[in-house]
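These figures come from a predicted structure and were not determined experimentally. Just so it is clear, the values below take in all heavy atoms, side chains as well, and ignore hydrogens, waters and symmetry mates. Labels below follow one simple rule: chain letters A, B, ... track the order of the sequence lines, proteins then strands, and each chain is numbered from 1.
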Amino acid sequence: GESVGLHLPTLSVQEGDNSIINCAYSNSASDYFIWYKQESGKGPQFIIDIRSNMDKRQGQRVTVLLNKTVKHLSLQIAATQPGDSAVYFCAENESAGGTSYGKLTFGQGTILTVHP
Amino acid sequence: DSGVTQTPKHLITATGQRVTLRCSPRSGDLSVYWYQQSLDQGLQFLIQYYNGEERAKGNILERFSAQQFPDLHSELNLSSLELGDSALYFCASSFGGGTEAFFGQGTRLTVV
């Protein structure tokens, strides 16, 4: 049969704008979250992570916000640049019995396009 | 460059065949993970090894198997290949589990 590709959410912004990419996660037991950036033809690249005992974490031009009440994660990119154009994935991890296993469950991804 | 090396970069093979994908983790990383990325399923976790032992398993088909060797490199074996196995296969590594995982560039498998 015909396979149906994932229809990824898209976000288009102008260079210099701030971007916000959202992600809803499913497992309330997840305690570690990561944002990855994937450019065409490359593997996912780590951007920023956050543990469940935090609500906010900032990096260089990026901020991750975690709302455990509604199981929502967001990635904010300040002063977005054309080089930020990529697919962005959130991923969640659940530590099992205190021993962290590295199985990451990825979201479907969001395509970010930055126009010069 | 993430420091994770995957070979080969591209692989074209026929249905029914068997292939082996190889991954060298970053220096010092004990955990190796394998993921499959396809157009219709996204990034799916297959299996994790930690210091030579299987640690976690995802929706890995019985036709697929993996191992991690004493030098910590890992191989993913895919057998009785089907057209639907065509995908990007990524390896990632981290020092432990539940910590920052670094991905390789992937192996693009095409089954014809």
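- When the side chains of ILVMFWY residues are joined at heavy-atom separations under 4.5 Å, either directly or via intervening members, Phe46(A) and Val64(A) end up in two distinct hydrophobic clusters.
- Within the 4.5 Å cutoff, the side chain of Leu11(A) has no heavy atoms near those of the Tyr88(A) side chain.
- Side-chain atoms of Ser74(B) do not come within 3.5 Å of backbone N or O of Cys23(B) as any donor-acceptor pair.
- Along residues 103-112 of chain B, the residues that come nearer than 4.5 angstrom to chain A, judged on non-hydrogen atoms, are Phe103(B), Gly104(B), Gln105(B) in order of number.
- Using a 4.5 Å heavy-atom threshold, the side chains of Phe64(B) and Ile47(B) count as separate.
- Note on Leu39(B): it does not cluster hydrophobically with Tyr89(B), by side-chain heavy-atom contacts below 4.5 Å among ILVMFWY residues.
- Using a 3.5 Å distance cut-off with no hydrogens or angles, the side chains of Tyr25(A) and Thr105(A) do not pair a donor with an acceptor.
- In this structure, the side chains of Arg18(B) and Asn77(B) come closer than 4.5 Å at one or more pairs of heavy atoms.
- Only the side chain of Gln38(A) comes within contact range of chain B, with heavy atoms under 4.5 Å apart.
- Proximity to chain A is limited to the side chain of Gln37(B), based on heavy atoms less than 4.5 angstrom apart.
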